[in-house]
Amino acid sequence: MPLKLPLREAKRRSNLVLLSFVFLSMPLSLSAQKNSCVECHLQLENSLRAPAEGFAADVHKQFGLGCPDCHGGNPAQDDVELAKDRSFKGSPERSKIPEFCGTCHSNSEYMRRFNPNLRVDQLALYWTSRHGQLLKKGDTNGAVCTDCHGVHGIQPANFPKSQVFPWNIPQTCGRCHSSADTMKAYGIPVQQVDDYKQSVHAQALFEKKDLSAPVCNDCHGNHGAAPPEVTSIAFVCRQCHPSAGDLFSKSPHKEAFDALGISECEACHSNHRISSPSDDLLPGGKQDVCIQCHDAGTEPHQTGLKIKQQIDGFVASSEAAKALLAGAERKGVEVSEAQFKLQDATTALVLARNLTHGLSLPEIEADLRDGSKILAEVKSRGEAALREAKFRRSGLVIATIFILLLAVALFLKIRDLKSSPKHRG
Amino acid sequence: MNKWWEKMQAYLEPRFQLSAIRDFAQKKKVPEHKHSFWYFFGGICLFLFVIQILTGVLLLLYYTPSVDAAHESVQFIMSQVKFGWLIRSVHSWTANILVGVLFIHMFSAFFLKAYRPPRELTWITGFLLLVLFLAFGFSGYLLPWNELSFFATRVGTDIAGVIPLVGKAIKTFILGGPEVSGATLTRFFWLHVAVLPAFALLIMGIHIILVQSLGMSKPIGIGETKEIFFFPDFILKDSVGWLLILAVVGAVCVFLPWEAGPKADPFASTPLGIKPEWYFTFMFTTLKLVPAHIFTIEGEVLAVLGFMLGGLLLMLVPFLDRRAAHEKRSPVFSAIGLAVVLYIIIMTALTYLAPNIGK
Amino acid sequence: MNRRTFVNLFLGGSFLGTVVSFLYPVIRYLIPPRQAEAVAKRIIAAKVGELAPNSAKLFRFGSSAAVLINTSDGELRAFSATCTHLTCTVRYEGDTETLFCPCHNGRFDLAGNVISGPPPRPLEAYEVEVSGGDIFVSRKA
């Protein structure tokens, strides 16, 4: 491939003027280490130019690595033939990319020099993933390192613009997994990302910008990506929701679910489209999930109904207390003390809702009883506040009556004075 | 009963010279004509000022002038102290009503040309009182240390900062530093409860003595010679007005207690729609509307200087209005006054009706 | 009783009524309230020696709950006690030396950081100061 390189021509001519031009225009590149790979590739177009451009922002560059560290060759040479010497590896075939990256990334001794914290098991994990297994079978459609991390211009995973930063991951995975064409061959559905985007987790991530909210890889793994087995889903959820899990494990459901081979959390909360849990999931609610197994009228369903009634009742009285306080506040009475107290009632409610995972009606009742005591206190404070508002108004009426009486008396007095001969002006 | 009363009088007479005061009070008369309604506003101002002193003294009992505790103590007054909400609301609402009545009192004196000789000093002391009460309002507004007052004070003192040459120094002096801070709060508190009341009482004393010794001014061309006794006729009539205002203040305080607002956070960004107390809004909106540059001078500077000059001219109006000084009608001054009133009303209305104007 | 006396009595009576209706709130205002002082940004959370090592105390700070901890090393620390997950009130757990939220088993270390469970953010830490015999807690500036 005969490349005409302006720089080489300039040097050949040894033109003083041009030399000084080069000197002036590129003082930095002259003082820095020479990199003919980047110099040449920047003269090229499209796919041959992209690596040289993208590498400027690459994390590898920040650690002092350059083209030859991955691709071999000799960037000190100006001549393209000489630069692509025997060490030159070029760009790897797609099927070879994992091993290509793994050369360094699986070498703990090498990686330690740059980041001792970085794991070196990615490649090993990769071969256990669905993606890796496909590649092993020779199917190059499976994702390789570069599909998720990019090629030149790779960013560390904790950089917000990186393709593997939490809020970019759904899109990164969705590039393949939302494409019906790509997924058809594997019989995998394609609506997961769309489902996820409607979930409570996505809401936390995208609306609250809460980075601790799970994205695809938090449940499926990243380098070892695979769908969790039915039996392991519950453990995945328990990573963040241990208390619900503990309660569930102690409940009679645990044994029954295990016997039937049903996944635990998913059975009621579904998977990708996990919505914000509501009391409507309980018996009698609009999205009653219990009815999947327990027919209405059966004893377990009845217990569930009772739980729902208890919680609904508490919610109602809690709302009533809130409204009471709001009403008093609108009338200008300070109720911050009562509002502070109300937080404890909220704690009781949140706890009771979580206790539903344990299915123990007495426990829920005990918790709500504590909450009701607090609510009763809040209510009495709210009522006191309303009485205060009433007292203010009646006080105003009394004071105003006196003021008006006094005004009338003054008026009479003035008239009286006018009629008295002594005061005629 | 009567004996006891006489004994008391006999004791006090030589010591207080009560008869002199009584004689003066018995002789004092107020002209009565078609405009004499306006005479009542001075008394109302005095009455409202007394309310302010009383409620202010009460508030001092629980208020703490420090950044850490100012807002908390105001909230404490509003929520924990019995009738604290009432005392504070009365103080805040009356402050606003007082400034409003002061404006009415001043413009009525202006249009009736009450500043004519020999009452020039009455007018000037009255003008100074208006300035003092605006300062009362400005300094008192910050004391609860809430978000709104914090930023309004920042904006207000920035305006003082644009005065050429001395602006920066004045601003630093007012704020006790380059920014609104704890030092500002201390300073405003000092102004509000010590310095301003002292000056207000002094000047008000002079103002009232002048009014008493010179008597009420009769408008030009009023031939009516009818007069009524100041005591008790006039004072009783005036007190009917006080009572009515008192009833209104009470009702407003019960139905709309003055809010404490969220605590000021100096690091927060300025909330939208920040504006000063209503009686400053006409100046505030003018500053928003004034073009950036007028004849190479910064518009804002020009506007601030304009207001200062306007104030000075208003104060010196007894010496400017030569026709009125000679008991002749001076329609030019009435027209100018009317224009000023209209300007203030329109600008104030614009602030509330078109808050985004001039942005 | 002639008209004159009636007017005077009426005037005096209503004047007295008005004065009383004004004095009543003022007197009530002057009577010290139950809580003697305003809750400031800086409050006394506890007395020195009130907390044994490795124990904690919940207290009201402004409009929310806060927790003062005496660590097993005898160091005092204070945090907002409102869990960042669903605003339940957290409690100190002596045997693990962590703050624990019972609602969903959220757990925080004694720097306020989330160790495990669903809380998305650390607990807000407050400044602790010992002065005289009192432990003061204040918001960090």
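Residue numbers start from 1 in every chain, and the chains themselves are labelled A, B, ... in the order their sequence lines are given, proteins ahead of strands.
C/R3 is listed as a side-chain neighbour of A/D416, based on a closest heavy-atom distance under 4.5 Å. The side-chain heavy atoms of A/F402 and C/V20, taken from C-beta on, include no pair separated by under 4.5 Å. Considering only heavy atoms from C-beta on, C/F22 comes within 4.5 Å of A/I403 through its side chain. In this structure, the side chains of C/H104 and A/V350 come closer than 4.5 Å at one or more pairs of heavy atoms.
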Start with the C-alpha gap between A/T346 and C/C88, add the side-chain angles, then the distance that decides, and say whether side-chain contact (heavy atoms from CB on, under 4.5 Å) holds. CA-CA 7 Å; A/T346 312; C/C88 291; over 6 Å; no

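Interface residue A/S212: only side-chain heavy atoms are found under 4.5 Å from chain C. Neither the backbone nor the side chain of A/A244 comes within contact range of chain C; no heavy atom of the residue lies under 4.5 Å from a heavy atom of that chain. Heavy-atom distances place the side chain of A/D246, and not its backbone, under 4.5 Å from chain C. For C/S116, no part lies near chain A; criterion is any non-hydrogen pair under 4.5 Å. At a 4.5 Å heavy-atom cutoff, A/R353 makes no contact with chain C through either its backbone or its side chain.
Around atom CZ of A/F235, no more than 12 heavy atoms belonging to other residues, nucleotides or ligands sit under 6.0 Å away. Within a 6.0 Å radius of NZ in A/K390, no more than 12 heavy atoms belonging to other residues, nucleotides or ligands are found. The 12-atom threshold is exceeded at CZ of C/F59, counting heavy atoms of other residues, nucleotides or ligands nearer than 6.0 Å. Heavy atoms from other residues, nucleotides or ligands lying under 6.0 Å from CZ of A/R393 number more than 12. Within 6.0 Å of the NZ atom in A/K308, the count of heavy atoms belonging to other residues, nucleotides or ligands exceeds 12.
Annotation: salt bridge (charged side-chain N to carboxylate O under 4.0 Å, His left out) contacts involving residues 76-92 of chain C, sequence neighbours excluded, comprise C/E75-C/R77.
Chain C forms the most heavy-atom pairs under 4.5 Å with one residue out of A/D367, A/D210, A/L349, and that residue is A/D210. Ranked by heavy-atom pairs under 4.5 Å with chain C, the list A/L405, A/I401, A/L406 is led by A/L406.
Between A/K413 and C/N8, the shortest heavy-atom distance links the atoms NZ-OD1, 2.5 Å. The two residues A/D344 and C/T89 come nearest to each other via the heavy atoms OD1-OG1, 3.8 Å. Here the shortest heavy-atom pairing between C/A65 and A/F340 reads N-CE1, 3.3 Å.
Atom CD1 of A/I398 sits about 12.0 Å away from atom OG1 of C/T18, to the nearest 0.5 Å. Separating the OG atom in C/S14 from the CG atom in A/L404 is a distance of 10.5 Å, to the nearest 0.5 Å.
For the pair C/N105 (side chain) and A/P242 (backbone), a donor-acceptor distance under 3.5 Å is absent.
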